[in-house]
Amino acid sequence: MISSSVYRVLLVEDNPGDADLAREGLADITSCSFETRHVVSLRDALQALSKEKVDAVVLDLNLPDSQGLETLRAIQRHGEDSAIVVLSGAATHDMVIETLRTGAMDFVDKNAAPAQLIGRAVVSALRRNEAFELHRQTERLVSVNPDAMLVVDSKNVVQFVNEAALTLFGKERHELVGQTLFFSVREGRTTEIEVISKRETRFGEMNVVDISWNGAPAILASVRDVTRQRILTSQLQQSQKLQALGTLAAGIAHDLNNILNVVVGNAQLAKMQSDMGQSTEDTIASVVDAGNKGREFVSRILDFTRKRQSSLGAVDLEATVNEVANLVRTGVPLAVKLNVRCEEKLPKIYADPVQINQVILNLCSNAVQAIGDAPGQVDLVCELVSMGAEERSELFGVSEGPLVRLTVKDTGAGMSKEVQEQIFNPFFTTKVQGRGTGLGLAIVHNIMENHGGAITVQSELGKGTAFKLYFRLVTDLADLDTIEGRSMPMGTAQRVVYVDDDEALARIVRNQLRLLGYEIMAFTNSQDCLDYVRVKNDEVDLLIADYSMPYLDGISLIREVLLVRPDLPAVLASSVVRPEDIEAAKEVGAIDCVCKPFTIEEMADSMAKIFELVEARNAVRG
């Protein structure tokens, strides 16, 4: 809007009388002030434009060194943001039209216009130029915005889109501009939209505001692509849900296992201690059989909940896949073909061979079952992949670098979106009752997560299913001594006190620690352990206490021991470490909470990590 600002005007006119007339017209304007510079040739005009910004140019087309529209075009090239008013004596209809089409804001006839008309034409040109400049600035801002931006008029017709919008919607500019928008935009709260772009569904978060566009009311819709955020949020929620379910299932499994042990044990004793008829013997045998099946089910629950990574090392994925494929082929119907294809010289992955074998066997079995008795095929493809940032962002928790991908693809019945959202949930199954527990894919998901890898699924009803597994490479790992061929970390005669009410486990741990170079005192009674530490507290370097014991449990024992020896490093041990166990251990002063190891290699690693923590704590304390 024109104000009382001072505007710089370049007057390009070789006729002194016409120049005076133009100056007179500008002087009659009282709403603003003009600072006028007069030149008589195009060369001088271009030189003036190169030195300073000019708000308006009053231009005679016919100059000593330039004639007609070429004069106007030359001024435009050098004064792109200047408002141009043409002042000419050759005011034919065609000349006026061509001048305005070329870019002049106005055309004033020297022979017919009073001085006041020249001033008003300049003011009008300045006003329109300011509006155009504001529009150009808005367009530039909208163009470079990383979000999709669409300008829509009152009839829902698209007036403008930026590059981000073309990318999001998967369309060319002419397919959007001038077309009626295929979804409604109204100013108000943030809304979500779903976009099918190049056969891919993407999700946008849209905000809408009213604006003016080219002098007319319009709506600016800003659409942020939140597809990746939705995927990551979904994966995080899935991970948290599985963790919570795992914590619950672990507690139930332990209690249920104890009950089943009593049932099976007593049934076996009854069978051994009394004479009975065949009917009673068969009844007890069925109790034992059912109890053993229950214990197998509990074992699968514990497989799902266990976060311990065992026997991690370098694994030849191609050899493992071929081994599983050969095993599966023996039970595959003749109409189903099982194909394996692996890239040459595929690098080894960092994994537990037993668990990876379990993962592949589970997926192959599911694929064969999905095909059923109909003709079909299962393809297992191993390949090295390098993924872009956008693709990798959809693999929750996977670190940077190349990955080995195993795809297990079948031509079976496929799955709906609703089923795909639930397949990794424990106890969810689409199989008929009695044919599945719903833990298989939950365990697969858990194993891949514990390996630092990922699993994704793509499926469509009637078109089969593809599971994709992503594994870390051995060469990606900084700590290469954790792979095959390494020597176990040994102790240096540190004095360890271990207590566990399971006599057999206490004996095993004692023998393992001695072999690993530690001095060990093992107890099966927490009170005896406490009495020993009270007497020998200066001769103990570490206490490891079982979580669940009679009289004094692990938490209570650590609390009592630290009253006697506040600086003694203490560790809580449990078959399944739950988040609340870690929190409880830290609250009483324990330095760590660890899973009970089952192999001497795991014991060696656990002890090495524990004493690293001890050294770090001592260093902090000085």
Side-chain angles (χ1 to χ4, degrees), residues 300 303 309-372 375-387 391-392 395 398-399 401-412 414-415 423-424 436 439-459 464-477 482-485:
R300 296 201 73 194
D303 282 342
Q309 290 180 323
S310 59
S311 303
L312 288 168
V315 173
D316 185 336
L317 184 60
E318 180 178 2
T320 304
V321 168
N322 280 307
E323 178 184 337
V324 174
N326 290 334
L327 177 64
V328 173
R329 282 192 183 100
T330 60
V332 172
L334 293 176
V336 177
K337 303 300 180 184
L338 188 61
N339 307 312
V340 176
R341 187 176 77 253
C342 294
E343 284 185 3
E344 293 185 2
K345 298 180 180 180
L346 199 66
K348 291 185 177 181
I349 63 172
Y350 184 64
D352 179 335
V354 175
Q355 291 184 341
I356 296 308
N357 188 291
Q358 178 185 358
V359 165
I360 301 170
L361 182 60
N362 183 290
L363 293 177
C364 286
S365 299
N366 286 351
V368 172
Q369 291 176 20
I371 295 172
Q377 70 181 51
V378 178
D379 295 320
L380 289 84
V381 181
C382 306
E383 54 194 333
L384 183 66
V385 294
S386 296
M387 309 177 72
E391 294 173 291
R392 185 177 291 276
L395 303 180
V398 178
S399 56
L403 300 165
V404 169
R405 180 172 65 199
L406 167 62
T407 302
V408 181
K409 184 178 182 181
D410 66 65
T411 57
M415 295 179 285
I423 56 172
F424 296 121
L439 281 172
L441 286 175
I443 293 173
V444 167
H445 183 281
N446 201 43
I447 289 173
M448 293 305 300
E449 186 179 76
N450 291 344
H451 277 68
I455 179 170
T456 64
V457 60
Q458 294 175 332
S459 187
T465 299
F467 285 93
K468 295 183 179 181
L469 310 176
Y470 295 86
F471 298 96
R472 296 184 299 165
L473 309 186
V474 168
T475 51
D476 286 341
L477 304 175
T482 58
I483 63 172
E484 60 185 0

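Given the structure is predicted, the values throughout are model-derived calculations rather than measurements.
Heavy atoms only, all atoms of each residue included: Thr411 and Gln377 are closest at OG1-N, 3.0 Å. A pairwise comparison of heavy atoms in Ile356 and Ala351 identifies CG1-CB, 3.4 Å as the closest pair. Minimum heavy-atom separation, Met448 to Tyr470: CE-O, 3.4 Å. Taking every heavy atom of both residues into account, Leu473 and Leu403 meet most closely at CD2-C, 4.2 Å. Minimum heavy-atom separation, Gly412 to Asp410: N-OD1, 2.8 Å. Annotation for Pro347 and Val404: closest pair O-CG2, 4.0 Å, computed over non-hydrogen atoms.
By the side chain to side chain contact (heavy atoms under 4.5 Å, CB included) test, Arg329 is found to be paired with Ala325, Asn326, Leu338, Val340, residues two or more places apart in sequence or in another chain being considered. Every side-chain hydrogen bond (donor to acceptor under 3.5 Å, both in side chains) that Ser459 has, sequence neighbours left out, goes to Thr465. A search for side-chain hydrogen bond (donor to acceptor under 3.5 Å, both in side chains) contacts involving Asn339 returns Asp379, not counting sequence neighbours. Applying the side-chain hydrogen bond (donor to acceptor under 3.5 Å, both in side chains) criterion to Glu383, with sequence neighbours excluded, gives Arg405. Applying the salt bridge (Lys or Arg N to Asp or Glu O under 4.0 Å) rule to Glu343 yields no partners; only residues at least two apart in sequence or on another chain are considered. Residues satisfying the side chain to side chain contact (heavy atoms under 4.5 Å, CB included) criterion with Ala466, sequence neighbours excluded, are Thr407, Lys409. Cys382 meets the side chain to side chain contact (heavy atoms under 4.5 Å, CB included) test with Leu317, Val321, Cys342, Leu346, Leu406; sequence neighbours excluded.
Going from atom CG of Asp352 over to atom CD1 of Ile447 covers 8.0 Å, rounded to the nearest 0.5 Å. The CG atom of Leu469 sits 9.0 Å away from the CD1 atom of Ile349 when rounded to the nearest 0.5 Å. Remark: Thr456 OG1 to His445 NE2 distance equals 10.5 Å, nearest 0.5 Å. In this structure, CD on Glu323 lies 10.0 Å from CG on Leu361, to the nearest 0.5 angstrom.
Counting heavy atoms from C-beta outward, Leu380 and Ile360 have side chains that approach closer than 4.5 Å. Between Asp316 and Pro353 there is no side-chain heavy-atom pair separated by less than 4.5 Å.
Side chain of Thr320 to main chain of Asn357: no donor-acceptor pair is present (N/O by atom type, distance under 3.5 Å, no hydrogens or angles). At least one donor-acceptor pair closer than 3.5 Å links the side chain of Asn322 to the backbone N or O of Glu318.
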